[in-house]
Amino acid sequence: MEAGEMVIRLPGRSSSPCGFGETTVLRHKEVHHFFFVPFREQPVYSTRAHVFQIDPNTKKNWVPTSKHAVTVSYFYDSTRNVYRIISLDGSKAIINSTITPNMTFTKTSQKFGQWADSRANTVYGLGFSSERHLAKFADKFAEYKEAARLAKEKSLEKMELTSSPSQVSPGDIHSPLTPPVTSDLCRINGTGDDVTLSDMSPNSEVPSESSQNTPSLAHSPTVTKHWEAELAALKSNNAKLTAALLESTANVKQWKQQLAAYQEEAERLHKRVTELECMSGQANVIKSHKTELNQTIEELELTLKAKEEEMEKLKEEMENAKVLQSEKDALTEKLQETDTRNKDLETRLADLEQRLEASQAEQDTFRKNLKTLLEILDGKIFELTELRDNLAKLIEGS
């Protein structure tokens with residue numbers, strides 16, 4: 001089998017235990033022809049949002065399924081009157097939810113909304129860039145939900161009008177493993193009498209023209225043995241036909257199971273084709289998003305370079321700050337030493353001032369004593385002068 005081929009099992013007889021029929025290989029174009037055409041879906045509304053799913057373990061926390069905002073689209077299947085919400089992150093379908101009348105879209109905040117999908121057994125959440133986008137998405141959800149409800153009601157009304165109880169007789173069901181009952185099979189012991197299912201009951205009586213025309217022969221031992229053999233043969237054939245009917249019923253159940261399996265396979269292929277169609281339809285959008293992402297990456301790279309340069313400048317400033325801090329510490333130590341020296345000098349200055357005051361007091365005292373001594377000396381000198389004058393006068397008088 002080549003890469004890219006899809007395998008579809010078609011109905012048919014098979015001897016395998018699984019009961020599937022012959023295997024037919026359909027390539028991509030054939031799958032597109034058989035499934036894409038009858039199940040074509042078209043996008044009717046698209047927006048961008050961040051996609052989340054509820055944590056399956058805690059059922060409380062939100063788990064992001066997309067790293068950035070992705071396109072979320074409503075798709076309409078005109079063949080089945082079905083609306084679906086589909087979103088792709090690259091080639092992976094992160095949302096594939098069919099809208100049903102029982103669903104409800106709830107706004108939990110100004111920019112966030114959620115809805116539960118019982119088929120997918122999860123809760124989806126969408127984070128929008130603005131309240132307007134959230135309101136628009138919620139309005140579309142309500143509109144398509146109402147359309148789905150009306151389509152379901154119309155479908156049920158149509159089924160009620162067109163449906164009628166069908167009566168199928170057991171004789172119309174033939175087993176695929178056993179040939180249908182024919183007139184040759186129902187001829188008993190070469191008598192040429194045709195027997196149908198309605199005639200083949202254990203208590204049935206076989207009509208005979210000979211028994212009606214000649215009642216005396218019905219009491220003869222030979223005729224009695226003949227009709228007993230006919231009755232035993234009829235019972236045997238009745239048992240065989242009952243077994244064939246049961247086998248047919250079992251085969252019908254098996255065919256129903258196979259049909260359900262085929263429908264599941266067709267649904268899976270339909271979803272896959274829808275994903276491929278969505279990918280193809282969003283090619284231009286993806287290209288534009290890619291261009292936007294490239295521009296955003298370039299802007300982020302430029303911003304990163306600017307941040308790196310700013311970091312280098314900050315590192316240099318940090319180094320300068322460290323140098324300044326060390327100089328500040330050295331100056332602080334010197335200032336402390338200077339303060340200590342100033343305190344010592346102030347103490348010495350106070351001592352010197354005290355000594356100077358004491359010395360000035362001593363000098364004042366000395367000056368006073370010296371002045372007193374000079375006054376006494378002046379008096380003595382005056383007295384000696386007078387004495388000298390007196391002596392001179394005495395000498396001159398003698």
On a heavy-atom basis, which atom in [X] and which in [Y] lie closest, and how many Å separate them?
| X | Y | result |
| --- | --- | --- |
| Trp115 | Thr104 | CB-O, 3.4 Å |
| Thr47 | His133 | OG1-CD2, 3.8 Å |
| Ala138 | Lys107 | CB-CE, 3.6 Å |
| Ser46 | Ser73 | OG-OG, 2.8 Å |

Side-chain touch [X]/[Y], heavy atoms, less than 4.5 angstrom:
| X | Y | value |
| --- | --- | --- |
| Ile297 | Glu301 | yes |
| Tyr124 | Ile94 | no |
| Lys60 | Asp55 | no |
| Arg341 | Thr338 | no |
| Leu126 | His50 | no |

Looking at [Y], is its backbone amide N or carbonyl O close enough to the side chain of [X] to form a donor-acceptor pair, meaning the two atoms are under 3.5 Å apart?
| X | Y | answer |
| --- | --- | --- |
| Lys145 | Thr100 | no |
| Arg84 | Phe75 | no |
| Ser87 | Thr71 | yes |
| Thr365 | Ala361 | yes |
| Ser66 | Val51 | yes |
| Thr347 | Lys343 | yes |
| Asn390 | Glu386 | yes |

**Report entry** Verdict with reasoning, Phe52 to Thr65, per side-chain contact (heavy atoms from CB on, under 4.5 Å)
**Finding:** CA-CA 5 Å; Phe52 300 85; Thr65 56; 5.8 Å; no
Among the clusters formed by ILVMFWY side chains lying less than 4.5 Å apart, do [X] and [Y] turn up in the same one?
| X | Y | result |
| --- | --- | --- |
| Phe366 | Leu374 | yes |
| Leu293 | Leu300 | no |
| Phe141 | Leu150 | no |
| Met103 | Val82 | no |

Euclidean distance, [Y] [atom2] relative to [X] [atom1], rounded to 0.5 Å:
| X | Y | atom1 | atom2 | value |
| --- | --- | --- | --- | --- |
| Met311 | Leu304 | CE | CG | 10.5 Å |
| Ser130 | Lys136 | OG | NZ | 12.5 Å |
| Glu383 | Asp378 | CD | CG | 11.5 Å |
| Leu349 | Asn342 | CG | CG | 11.0 Å |
| Gln354 | Leu352 | CD | CG | 9.5 Å |

So, are [X] and [Y] salt-bridged, with charged N and O less than 4.0 Å apart?
| X | Y | result |
| --- | --- | --- |
| Arg268 | Glu265 | yes |
| Arg149 | Glu153 | yes |
| Arg80 | Glu267 | yes |

More than 12 foreign heavy atoms under 6.0 Å from NZ of Lys59: is that the case here?
->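 Enclosed.
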(message) Using the ring-ring contact (aromatic ring centres under 6.0 Å, His included) criterion, which residues pair with Tyr83? Sequence neighbours excluded.
(response)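 Tyr83: ring-ring contact (aromatic ring centres under 6.0 Å, His included) contacts with Tyr76, Tyr144.
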ask   = Are side-chain N/O atoms of Asp117 and Ser97 paired as donor and acceptor at under 3.5 Å?
value =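 Side chains of Asp117 and Ser97: pair found under 3.5 Å.
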Does the side-chain contact (heavy atoms from CB on, under 4.5 Å) test come out yes or no for Thr332 and Lys328, once each step is laid out?
CA-CA 6 Å; Thr332 303; Lys328 179 183 178 181; 4.2 Å; yes
I need the single residue from Thr122, Val63, Asn61 that forms a side chain to side chain contact (heavy atoms under 4.5 Å, CB included) with Ile54. Which is it?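 In the set Thr122, Val63, Asn61, the residue that makes a side chain to side chain contact (heavy atoms under 4.5 Å, CB included) with Ile54 is Thr122.
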Per the ring pair (Phe, Tyr, Trp, His ring centres under 6.0 Å) rule, which among Trp62, Phe105, Phe128, Phe137 passes with Phe112?
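Among the candidates, only Trp62 passes.
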Might you work through the side-chain contact (heavy atoms from CB on, under 4.5 Å) test for Val123 and Gln53, ending with a clear yes or no? CA-CA 6 Å; Val123 180; Gln53 282 190 12; over 6 Å; no
Please evaluate residues Val72 and Arg48 with respect to the criterion side-chain contact (heavy atoms from CB on, under 4.5 Å), reporting the C-alpha separation (whole Å), side-chain torsions for both, the decisive distance (0.1 Å), and the verdict. CA-CA 6 Å; Val72 181; Arg48 291 183 64 80; over 6 Å; no
